[in-house]
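The structure appears below as structure tokens.
Small disclaimer: the values here were computed from a predicted structure and weren't measured. As a basis for the values below, the full set of heavy atoms in this structure was taken, side chains included, without hydrogen atoms, waters or symmetry mates.
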Amino acid sequence: MLKDAGQYNAKSLEENIHKFWDEIDAYSRVREQRIDGQKFFFVDGPPYTTGRIHLGTAWNKIIKDSILRYKSMKGFHVLDRAGWDMHGLPIEVKVEAVLGFKSKKDIEKYGVGNFVAKCKEFALSHRDEMTLQFQNLGVWLNWKDPYMTLRDEYIEAAWWTLKKAHEKNLLEKGRRVVNWCPRCETAIADSEVEYADVSDPSVYIKFPVTGEENTFIVIWTTTPWTIPANIAVAVHPSFEYVRVRVSKNDKEEILIMAKELLKNVLKQGRYKKSEVLETILGEELKIEYNAPLGHKVPRQNTFSHTVYLADFVTAENTGCVHIAPGHGIDDFELGMKHKLPIFCPVGPDGKYTEEAGDYKGMHVREANKVVLDDLSEKDLLLSSGTISHRYGHCWRCKTPIIYLATEQWFLRITDLKEKMLDEIKKVKWYPDWAGSARFADWVKGSRDWCISRQRYWGIPIPVWICDFCGEVEVMGTMEELKNRSAVKNLTDLHRPYVDNIHIKCRKCEKRMSRVPDVFDVWFDSAVASWATLNFPRDDKTYKEWWPADFITEGHDQTRGWFYSQMGASMVSFGKAPYKSVLMHGFTLDTEGKKMSKSLGNVVSPDDVINKYGAESLRLYVLSQNAPWDDLKFVWEEVGTINRMLNILWNVYRFPLPYMILDNFNPVDTRERLATLSLRIEDKWILSKVQSLIKKVETAMSEYNLHKATRPISEFILEDLSRWYIQLIRPRTWREANDPDKLAAYYTLYEVLVTLTKVLAPFAPHISEEMYGNLVRNIHPDAPESVHMCNWQAPDEKFIDIELEKKMDIIREIVEASSNARQKLKRKLRWPVKRIVVVPKNEIVNEAVLCLEKVLKEQTNAKNIILIKHGETWDELGVEVLPNHAALGPAFKKDAGKVIAQLKTVSGRAIKKSILETGSFELEAGVINADMVTFKDLIPPAIAAAGFSAGDVYVDTELTREIESEGYAREVIRRIQDMRKELDLAVEEEIRASVEIKDERVAILVLELKDFIAGEVRARTLTIGPEVEVEGELVKDWDVEDVRMRMGIRL
RNA sequence: GGGCCCGUAGCUUAGCCAGGUGGAGCGCUCGGCUGAUAACCGAGAGGUCUUGCGUUCAAAUCGCAACGGGCCCA
């Protein structure tokens, strides 16, 4: 049996549904149920296990959940292990903060094993916390068996991939300049560098040119601490450079710089006089110079310092660029090209090494000032100021990064670039430009991938090197390592457990040791698509499922996970690891600014759930805008969605009391619908709901979640609540087994049940609740959950597009008539004599004929008069407006007479004649079409309003019958109001008395006494001018200026 | 500085790909309804479609540039 429903309470409803899902193990059973379906392999982009989820993460998972629920209902066998990214520097930094550590030395002292254990504990506890948060959103993924990057089988997937890289000669150890965090003492990836505005030195330095007295080449830098490592100066080959004689304080010297920047340099150096001695192209500039800090850094005197040409030089500052190949990427590349020494006198802790001579032991951050002082002492400092610019910082500990030339391991992704670009084209991107423009551009500009980190909590790099001959061997699996090393009981592949495992060199039979590095954490998630299938341990599953059918992440992942996966997959398998990608946007605040803790504009998903429930949040993020656009979070809009859900709930619960009262038992709904005689509005809503399914399907085929969810909301508000429910209301109040009522019941039932299924992927809670009552309480053998149901295919036999169009017209006419009524202040409760529809096209005609009853009811009109298309309503008066400009010249002095006569003749007669014959004969002369214009004259009791395809006239003239009904309805409304006040049950009977002093009105109302009594369920009803009013509740009313006194008693 | 995306009523947006009188919702004002009722419905006001230039008979729509926002990079 159906059960009644209370008010919509999102929180308790969602809690109950979550409990229900747990009880019946809904998720697992839904997936099992589809085990024979077509495979749909989804890979969850693993969130990083620190802290709580934010709005963007919530949006991400809601998108995934809705799409997967939809796919599952469509019959796909979905594979969707949730994923967790659990290694890496971010967690190390958090744990270091908890333990109060300041550097790697603290970790070493604490013990790597202890530290790693803490990191693991941290990651696991956050995973649990975040899982709960995702589940509160109603997100279904495989939470019981997620893939976790810290698992041994996962680590093996990474190892296997690196071995592949080695076999394909794509793994390389090399010296490169990398982003280096001097606090974390590790290389960090480009993607781990966060840019922020900082104030740095902005200094102009003179390098003394060899063999030319008092001549200097001028460079500019923001990092004076790199001057001790200077090796060269770069100039642009096609810029013009000048030698300038300048003077200041009676001292003369010659400076070299770009011609274009002469003014700037003179200003910086506050030179009073200047004289250009020579202008030459950069490519002709052949000079050597002396190390500016040779006296402090003895090694510098062993290098030769020369000017080189480089395209990356820009016309800024001096046009001459200081080159330290050990401390800059461009610098390094230029150095490699010209075989310059890669001089890097800075250690991993950011302090100068022995090679830096006098600076040894000094931290580079303290060195800036000292270096400037030393240069100043030598009179090599041209000017010194500060500049505010964007500079890179370690994204976790916020320390400014430095560039260091270090030994690192690289994947030679650049070798695979062309093939990767081909693969990108084979992937289906939503939207298209995410792949063709954004991702392709990123890949084109990508560099080799530095995968090594000098840290602890990560996947150990499985490379062993011979201590003697340098032979390199890569371990692909745990098994391989065991076999090669004679270590039998290896239970954890993390550091420090793998650190002391040695193997015997195949070449020289000496000892091999593991390189101490761990992987860049991006490499972890890069192998997710096969690691989640437990490859390489399980080859069979891989063959059945790989590559992924679908992934979806935010646009920040273009350079992140989209890329890292593509790179790793090209290395491993030579093809893309995914077939389709939906790129979604970012959540921003109301102003369109990004949410950040420092701005204090962060909205957490929990806040939204607490206020409106998960369902509102879900539908909000899904429908607010296109998935790929950024989402501006606006609280009011969530409120609007919540209101829509509330209306849905009211629509759902409105018929329940009647259905229950009538013992309505909807079995074989489709068959009953075929045999019952349905009203046209029933057919209409059935058509509408089928059309809705089609719309949702079309939108979902392109992952247009906004275009799928918006029509659902529109259907609920416009078609169901505002229209169909209003139309069938009177039918639900009928007593007994009226077939017309049953037709409405069955129709509404069918529509609501269909709606639960359409809604299920997007609003899984409310649809489950409705389904539970509407379906499960009636059919015990139906699927237990709406999510176990098949997606309902649109049924063409219900669809009648013409009818849908006609109803649209009728709704427009009703709106127009309501508009017209308002002009004459005639309430809808009062019937009107007639409504005249003047159509502008044939469809309006058909619509009115076809839906006359609906139109009549909804406009509360006694009659509908339909004027034929092309004709005018003949009761409209016609005002003839003389056209003086035409009448004057035609009739000259008689014009006045003609105009006067025009007013005495029937306007309609003139219009008719002019329309038919083109002229009209007045006593004073014949007028033609040019001389007059016509205007409709609307009679006083008539109100007019237009709609898109015609006009509507409402005749509000009162008749005795109308007044009688109008007053009667006023009385009914007020007694109903009083019933409500007494909180009476719908079926409870009353005794009522109404005193109306105005005798005329009293008589009018009395005429409909029986009607009134029936409507308000009154056993007895007395009405009259002298009635004694009494009862539990007595009230005085003012009805359209008529005083009434009413009382009701039980 | 570069790549991609976004910029339409007070707010959130549709329309843009395939050029031809800019549609909604929220909010506001006024009104209605009262057997969904701490609900619901209707009407009205409100737009230099960020700006400028160009293509065209015609530009929110196509092109170029600028400005503002986002992501990514330097």
Side-chain angles (χ1 to χ4, degrees), chain A residues 5 7-8 56 190-191 193 195 312 314 316 329-330 389-390 392 431-442 444-447 554-560 562-563 583-595 620 623-626 628-641 643-644 646-658 706-707 710 713-714 717-718 720-723 725-726 729-730 732-733 811 814-823 825-830 858 860 945 969 972-974 976-977 979-980 984-987 1015-1017:
Chain A
Q7 299 217 334
Y8 179 57
D190 291 343
S191 50
V193 178
Y195 291 84
F312 60 75
T314 56
E316 288 168 306
I329 290 160
D330 286 337
H389 67 154
R390 288 172 72 72
D432 185 61
W433 52 260
S436 61
R438 207 181 155 107
F439 192 50
D441 278 356
W442 165 255
K444 276 176 205 155
S446 62
R447 298 199 302 253
H555 44 55
D556 57 328
Q557 295 302 331
T558 303
R559 61 131 194 211
F562 297 162
Y563 175 69
M583 186 188 78
H584 68 75
F586 254 55
T587 47
L588 309 174
D589 75 358
T590 312
E591 313 272 279
K593 298 265 159 64
K594 73 167 163 187
M595 290 189 181
Y620 169 67
S623 64
Q624 181 65 6
N625 48 20
W628 49 85
D629 280 340
D630 288 345
L631 182 139
K632 283 195 218 173
F633 183 85
V634 180
W635 274 104
E636 293 78 53
E637 302 291 328
V638 189
T640 306
I641 297 287
R643 200 180 63 114
M644 185 277 289
N646 193 47
I647 292 173
L648 167 65
W649 186 256
N650 283 335
V651 161
Y652 149 72
R653 78 194 187 104
F654 147 76
L656 294 176
Y658 308 110
H706 61 312
K707 288 189 180 171
R710 285 173 188 172
S713 294
E714 201 177 312
L717 293 176
E718 290 297 327
L720 253 190
S721 168
R722 282 175 201 162
W723 200 240
I725 295 292
Q726 306 309 325
R729 244 187 187 133
T732 61
W733 306 333
R811 295 188 65 173
V814 172
E815 267 176 32
S817 88
S818 151
N819 186 353
R821 269 173 180 272
Q822 210 165 303
K823 286 179 186 163
K825 295 204 185 302
R826 184 54 45 87
K827 296 178 192 169
L828 186 59
R829 198 149 54 220
W830 289 62
Q858 293 306 303
N860 196 9
R969 286 195 187 276
I972 292 166
R973 213 272 290 165
R974 285 167 176 81
Q976 297 287 29
D977 201 63
R979 283 185 64 113
K980 196 101 222 163
L984 299 186
V986 183
E987 65 274 15
E1015 287 291 302
V1016 302
R1017 286 183 178 262

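- Going from the C1' atom of B/C17 to that of B/A59 covers 15 Å, rounded to whole Å.
- Projected onto RNA chain B by closest heavy-atom contact, A/W830 and A/L717 fall at different nucleotides, the more 5' of which corresponds to A/W830.
- Note on ring orientation: taking the six-membered ring where Trp is involved, the planes of A/Y8 and A/W649 are tilted (angle from 30° to 60°).
- The side chain of A/D556 has B/C71 as its nearest neighbour among B/C5, B/C71, B/C41.
- Across every strand in view, B/A18 sits unpaired, with no contact that passes the Watson-Crick or G-U test at under 3.5 angstrom.
- Shown here, B/G47 forms no base pair; nothing in the strands shown gives a Watson-Crick or G-U wobble contact with both key distances under 3.5 Å.
- The main-chain N or O of A/Q976 is never found under 3.5 Å from a side-chain atom of A/E1015 such that the two would form a donor-acceptor pair.
- Here the closest non-hydrogen pair linking A/H706 and A/N625 is CB-O, 3.4 Å.
- Both A/L828 and A/Q557 lie close to RNA chain B; mapped to their nearest nucleotides by heavy-atom distance, the more 5′-ward contact belongs to A/L828.
- The nucleotide whose nearest atom lies closest to any side-chain atom of A/W433 is, among B/A39, B/G3, B/C5, B/C5.
- Residue A/F586 places its side chain closer to B/C71 than to any other of B/C71, B/G3, B/C4.
- Note on A/S818: only backbone sugar-phosphate atoms sit closer than 4.0 angstrom, heavy atoms only; bases stay farther off.
- What you find for A/W433 and A/M583 is that their closest heavy atoms are CZ3-CE, 3.4 Å.
- Across the protein-nucleic acid pair, A/D330 atom CG and B/A74 atom P stand 11 Å apart, rounded to whole Å.
- The closest donor-acceptor contact from the side chain of A/H584 to the backbone of A/G554 lies under 3.5 Å.
- The base-pairing partner of B/C62, taking Watson-Crick or G-U wobble contacts with both distances under 3.5 Å, is B/G54.
- Atom P of B/C57 sits at a distance of 25 Å from the matching atom of B/U50, rounded to the whole Å.
- Atom pair A/I647:CD1 and B/C40:P shows a separation of 5 Å (rounding to whole Å applied).
- Side-chain proximity of A/Q976 to B/G35, B/U13, B/C4: nearest is B/G35.
- Residues A/V634 and A/Y620 approach most closely at N-OH, 3.0 Å, considering heavy atoms.
- Rounded to whole Å, atom P of B/G7 lies 11 Å from atom CG of A/N625.
- B/C11 and B/G27 have their P atoms separated by 16 Å, with the value rounded to a whole Å.
- The listed nucleotides are B/A74, B/A36, B/G70; the one nearest the side chain of A/V651 is B/A36.
- B/U34 sits 36 Å from B/G47 when the C1' atoms are compared, rounded to a whole Å.
- Nearest to the side-chain atoms of A/E1015 among the listed nucleotides B/U37, B/C41, B/G35 stands B/G35.
- The A/K827 side chain lies nearest to B/C33 when the options are B/C72, B/C33, B/A36.
- B/C40 is paired with B/G32 under the Watson-Crick or G-U wobble criterion, all donor-acceptor distances under 3.5 Å.
- Side-chain N/O atoms of A/R438 and base N/O atoms of B/C71 include a donor-acceptor pair closer than 3.5 Å.
- Checking B/C40, B/G70, B/A43 against the side-chain heavy atoms of A/E815 singles out B/A43 as nearest.
- On a pure distance criterion of 3.5 Å, a polar donor-acceptor pair joins the side chain of A/R729 and the base of B/A36.
- Taking atom CG of residue A/D630 and atom C1' of nucleotide B/C6, one finds them 7 Å apart after rounding to whole Å.
- Closest heavy-atom contact between A/T558 and A/R438: OG1-NE, 3.3 Å.
- When both pairing distances are held under 3.5 Å, B/G7 makes a Watson-Crick or G-U pair with B/C67.
- Within 4.0 Å of A/S713, counting heavy atoms only, lies no atom of the nucleic acid at all.
- Of the candidate nucleotides B/A14, B/C41, B/G3, B/C41 has the atom lying nearest to any side-chain atom of A/R643.
- Remark: the A/E636 side chain and the B/G27 base include no donor-acceptor N/O pair separated by less than 3.5 Å.
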